[in-house]
Amino acid sequence: MENYIKILAVAIVLVFAGCKDWLDVTPAGQATESDLFSTGDGYRSVLNGLYKSMGKPELYGRNWSYGMLDCMAQLYNLESGSFNDEMCKAAAKYEYTNTQVSSSIESAWGIAYNIIANANDLLQNIENASNDIFAEGEMERKMITGEAYACRALIHFELLRLFAPAPVNDDGRAYIPYIESYPVLSATKLGVKPVLEKVIADLEKARGLVAVYDTTINGQGINLSGTGRFNNDFTYNYQTISGQQIEDFDAALIDDFFKGRGYRMSYNAVTALLARVCQYAGREQEAFNYADEVVKAHVVFRDGSKNLMYKDDYSGLTQGWGNNEADFNNRKDYKTMSNLIFAAYNSLSYQGTGSWLSADWKGGVSPNWFQISESYFLHGGVDEKSLDHRWNHMIFLGSGAYPVSAKYFIPTNLDTRDKTVNLFPVIRLTEMKYIMAEYYARNGNVGDAYRILNEIRENRGIYGSSLGGSTWNEFEQELLHDARREWISEGQLFFLYKRLNAAIVNDKGTLRPMTLQESMFPVPADIK
């Protein structure tokens, strides 16, 4: 493990000019660990580094979002003669011994455990740190501590989902280590259940710590809208929160380190992650309770009306109804930020890769376009493309013909580009609703289960075609059907198939669940 569990102790120049700038910190020379942790800015630097690493292409910046994992979920048509990414094509066939695939897997493992190592080093040092070195005292110290626990839990959970079987197929073997100290020269691998228990324990601890900021007037004001969470657009200052007017909320007076909460493990992000983890662990009631809390998060207007903190606002995508380049250049919000709870960020993710995701490629199909199957928008023999926002506002027709995800469309408008293209969705509000619907269905309340799915569809423009059924199998198919549209190019579909042990169409056209070997990456050979 020593090759993977290292920390880069660097002095960081902190220049906070906007909500994303703190994610773009760069090394300014070597420093000792004692120097790094002697000031509150040093702790900020290390925490920033955790999030910055999550956005790397090997993790959420490509392979854990629109890249490798969605290829493995059979989301794309990769058989086009023009598609030339051999790694993605091999991953779609679960050829994990392929040189390019195995290299990507090993890189992800190393980066992930490096994030964990940095989180552990931060936690060990902050335990004895004085509140006085932090600009906001004890509150900031607790917030940073909570976020570090949450980051450690998140990355361990992703490694478990990738390198171990789902609980439904748990064979009792040990698969990955759960690292809780720094430095570590060797580690003992644990089974699925013990890792999940540790993840949940870390997240419960984190939730209480980050609450000291996120439940304050400023914390709630920062989180009030998608544009606020991700773009520092605070347009709701006339509202009141829990009966208190936000006249004391002045974003201009808040340190930028406390903004951009959509890119951080905030209270709502930690709660949402707990819902995801508990569902994966089979702790259905807890998963439902956490998801319900996130869905019901709200603010109170001065006139007494209520508004969900997170909602499905497609107004940034509904300027025009076309799927061509001009239509998408006029749109503003390709990721529906109102529905996003947590996302990774990478300011360099699109450099040199315009032909992947934008209109830059001319003259036929790009050799790197991930083409979406139109069949995902058929339901009961009815073509719903003209109704569903997820097609008519979120699928770009490259060269006027080839459907690719507009979530990663690169607009010519530089302001829009800066606010959208570097954001990689990790947790959506929709998932919380899926969790609640699945809980109802598993407990015989199919009425409420379908009510939630129908509300999701109606919020995306599909009216007059209410879903219904009486069995779990019927509901599962409807859940999968909607998730295939909702999670296009976000990396979550693979884990849904895996958790449910659901049938998936493989590269040979066969409909069957993945085998155990197909459903998980092999642990890198040098640490087995």
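Side chains are part of it too, since the values below use all heavy atoms of this structure and drop only hydrogens, waters and symmetry mates.
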Does the side chain of Ile155 come within less than 4.5 Å of Met54's, by heavy atoms?
yes
Using the side-chain hydrogen bond (donor to acceptor under 3.5 Å, both in side chains) definition, which of the options Arg457, Arg390, Arg460, His379 pairs with Asp482?
Arg390
Within 45° of the axis and under 6.0 Å from the centre of the six-membered ring of Phe257, does NZ or CZ of Arg264 qualify?
yes
Looking at every heavy atom in both Asp70 and Glu490, which two are closest together, and how far apart are they?
OD2-N, 3.1 Å
Trp369 and Tyr76: CA distance, side-chain angles, deciding distance, ring pair (Phe, Tyr, Trp, His ring centres under 6.0 Å) verdict
CA-CA 9 Å; Trp369 271 338; Tyr76 306 121; over 10 Å; no
Interatomic distance, CD@Glu58 vs OG@Ser53, rounded to 0.5 Å, equals 10.0 Å
Would Lys407 and Tyr334 count as a cation-pi pair here, with the cationic atom under 6.0 angstrom from the ring centre and within 45° of the axis?
no
Testing Gln285, Gln279, Glu284 for side-chain hydrogen bond (donor to acceptor under 3.5 Å, both in side chains) with Tyr439, which one passes?
Gln285
Indicate the atoms forming the closest heavy-atom contact of Tyr213 with Ile222, along with that distance.
OH-CG1, 3.6 Å
Could you tell me whether Lys296 and Asp292 have a side-chain N and a carboxylate O separated by less than 4.0 Å?
yes
Distance-only, no hydrogens or angles: does the Arg331 side chain make a donor-acceptor pair with backbone N or O of Leu317 under 3.5 Å?
yes
So if I apply the side chain to side chain contact (heavy atoms under 4.5 Å, CB included) rule between Asn501 and each of Pro513, Pro165, Ser519, which one comes out positive?
Pro513
Do any N or O atoms from the side chain of Asp214 and from the backbone of Ser266 form a donor-acceptor pair under 3.5 angstrom?
no
Tyr267 pairs by side-chain hydrogen bond (donor to acceptor under 3.5 Å, both in side chains) with which of Glu293, Arg261, Gln220?
Glu293
Do Arg152 and Tyr149 meet the cation-pi criteria used here (NZ or CZ under 6.0 Å from the six-membered ring centre, within 45° of the axis)?
no
On the six-membered ring of Trp472, is Arg442 placed so that its NZ or CZ lies under 6.0 angstrom from the centre and within 45° of the ring axis?
yes
Test: Arg161 cationic atom under 6.0 Å from Phe495 six-membered ring centre, within 45° of axis:
yes
